[in-house]
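Here the structure is laid out as structure tokens; the discussion comes afterwards.
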Amino acid sequence: MIQTFAFYLFAVLLIASAVLVITSRNPVHAVLWLIVAFFNGAGLMVLVGAEFIAALLVIVYVGAVAVLFLFVVMMLDIDFAELRAGFIRHFPLGVLIALVLLAEIVLGVGAYRAGALELGAAGVAAEPIAGRSNIDNIGALLYTRYLFLFESAGLILLVAMIGAIVLTHRERPGSHKTHQNIDRQVRRRPQDATVMTRPDVGQGVEL
Amino acid sequence: MTRTFMDWGLSYEWAWGLATIAGILLIALPLMLAVAMIIYVDRKVWAAMALRRGPNVVGPFGLLQSFADGLKVFLQETIIPSAANKGLFLIAPIITFTVALAAWAVVPFNSGAVLADINIGLLYILAISSLGVYGVVISGWASNSKYPFFSAMRAAAQMISYEVSIGFILVCVVLYAGTFNMNGIIEAQRGHGLGIVNAYAFNLLLFPIWVMFLISSLAETARAPFDLTEAESELVAGYQTEYSSMSFALFWLGEYANVLLMCALNAILFFGGWLPPLDWAPLYLVPGWIWLFAKIFAFFFIFSWVKATVPRYRYDQLMRLGWKVFLPLSLLFVVLVSGWLMVTRYERSPHTALCPSLDNAELAARGAAPQGSPCVRENLT
């Protein structure tokens with residue numbers, strides 16, 4: 001009973017917040033609704049027994065990605081009226097994307113109704129093994145069967161990271177002045193930085 | 001506790017619900033009391049180190065100072081800036097407070113005395129503590145004021161930076177313990193040091209990690225040397241500038257609840273949680289929660305000590321420490337720890353080391369045994 005209740009609660013909140021993401025006028029509110037949507041998604045994951053995926057969803061998407069979203073949206077002064085100006089022009093593209101998404105949903109539901117996908121040998125569908133947490137199961141599959149896929153995903157992420165660093169890093173002329181040399185800063189002593197003088201009245205100090 | 005309620009003749013659902021509510025109250029109310037007292041301790045320690053007396057007027061030794069402050073704040077008028085985003089402005093402190101309380105759900109106070117004994121306890125803590133940043137960011141933005149906004153920016157960058165290295169540090173501990181469950185991690189520390197010390201911190205490989213974790217937990221809770229989010233000389237009071245009355249108090253409570261949580265995490269992950277320091281029978285006569293509280297208190301003393309003695313970091317130094325020092329070091333230690341465990345724990349069976357927890361029959365049953373899979377091939381031949 002309580003599972004059903006929780007499912008409908010999470011599902012309704014998920015859909016409602018997803019709708020609010022695209023309808024809210026303020027971009028910051030949109031990002032916050034997106035976070036609520038992620039959160040309810042994580043709740044649904046817990047309900048199907050995939051608590052590891054749920055925790056990862058919260059850590060990665062809510063904890064890191066959405067914070068960066070929020071960061072950018074808060075700093076950029078996005079004018080939504082300006083964004084809406086091209087509505088008619090972009091309408092066909094929007095319809096195309098909507099059709100693709102619809103086709104995907106239809107395919108997904110169709111595939112689901114056709115029955116479980118049989119992976120690997122012996123015609124045994126993957127079932128959760130009793131008495132083992134799904135971290136163990138995911139780990140065992142990830143590091144044996146999907147080892148190469150896993151490592152290539154890691155490699156792609158590494159390339160993306162290096163790419164982002166290269167794109168944002170630029171050599172400024174005279175950048176040695178702005179570069180912090182921590183070692184030098186720590187070694188600095190008062191006598192290096194200050195001059196003790198006893199100037200005559202009205203003479204001032206020669207620097 | 002569910003069983004007790006079931007003995008009273010309630011059905012399982014009702015018993016479970018009542019037990020959960022009772023458990024939440026049993027954790028949250030003492031926690032609030034502890035926060036009030038720990039604020040007093042913080043001020044006293046700080047004062048003693050500055051050769052002052054600290055709070056000494058309200059109640060004996062000033063013990064009731066925090067309650068007097070609480071009452072004062074409660075009676076104040078709530079001021080909402082006219083240009084603020086009203087809803088978000090009010091939600092932000094609630095988020096901070098709720099998140100700080102929610103993380104305590106998986107903290108074990110004794111063997112089995114835990115509200116939610118879940119498999120992914122540590123991941124849950126990581127997930128919840130990564131939500132803490134939203135309270136700060138939202139309050140900074142919703143206040144519609146310069147200083148809170150700067151503070152929010154700083155807080156977001158700081159928390160994300162240190163979460164990365166905390167994640168790697170936790171991976172090291174989990175590798176040693178072999179589980180994400182908090183009770184499991186504590187049990188794994190029983191007799192870890194020379195068969196007698198119940199702690200990970202005295203392991204030569206884990207000691208540097210613990211030092212990093214202690215410093216990162218200071219940064220994660222924005223405590224003293226890293227309290228740039230509320231650096232009063234630069235940002236007035238940071239994200240709390242526009243807040244007054246109960247919304248201000250909620251920030252305050254949430255912050256200290258987070259500090260206590262970080263102290264508890266230090267105790268649980270590296271100092272054996274509710275286990276006594278030594279694996280020696282007479283020490284087990286003292287109940288586990290007393291050991292845990294003593295350890296939390298010791299760590300809190302370290303936190304206030306640091307607050308009283310260490311000057312505040314500059315922001316670029318903070319970022320440098322997080323990204324250029326802790327991140328590479330913790331990554332290095334993940335490699336070192338897993339290598340060491342590979343050599344010591346799984347030495348005798350190199351092929352099962354690749355999949356230690358899953359035997360071949362199960363792998364085959366899951367359809368996960370194609371020809372190339374190394375740990376299966378070894379056993380077939």
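Please read these numbers as outputs of a predicted model, since none were measured by experiment. A note on names: the letters A, B, ... follow the listed sequences, proteins ahead of strands, and every chain is numbered from 1.
Contact of B:L126 with chain A is made through backbone and side chain together, with heavy-atom distances under 4.5 Å. Contacts between B:M153 and chain A at a heavy-atom distance below 4.5 Å involve backbone atoms as well as side-chain atoms. Residue B:I160 touches chain A through its side chain alone, counting heavy-atom pairs closer than 4.5 Å. With a threshold of 4.5 angstrom between heavy atoms, B:N181 does not approach chain A through any atom at all. At a 4.5 Å heavy-atom cutoff, the contact between B:L88 and chain A is made by side-chain atoms alone. If you measure heavy-atom distances from B:V133 to chain A, the contacts under 4.5 Å come from the side chain alone. Looking at A:A54, neither its backbone nor its side chain comes within 4.5 Å of chain B, counting heavy atoms on both sides.
Ring-plane geometry between A:F38 and A:Y61 is classed as tilted, the angle between the planes lying from 30 to 60 degrees on a 0 to 90 degree scale. Aromatic ring orientation, B:Y162 versus B:F226: tilted (interplanar angle from 30° to 60°).
Among all heavy-atom pairs drawn from B:I125 and B:A103, the shortest one is CD1-O, 4.0 Å. Considering every non-hydrogen atom in both B:T20 and B:L115, the closest pair reads O-CD1, 4.0 Å. Contact between A:A37 and A:A18 at its shortest, heavy atoms only, is CB-N, 4.5 Å.
Counting heavy-atom pairs closer than 4.5 Å to chain B, the top residue among A:I135, A:V28, A:L70 is A:V28. Chain B forms more heavy-atom pairs under 4.5 Å with one residue of A:V58, A:L56, A:L57 than with any other, namely A:V58.
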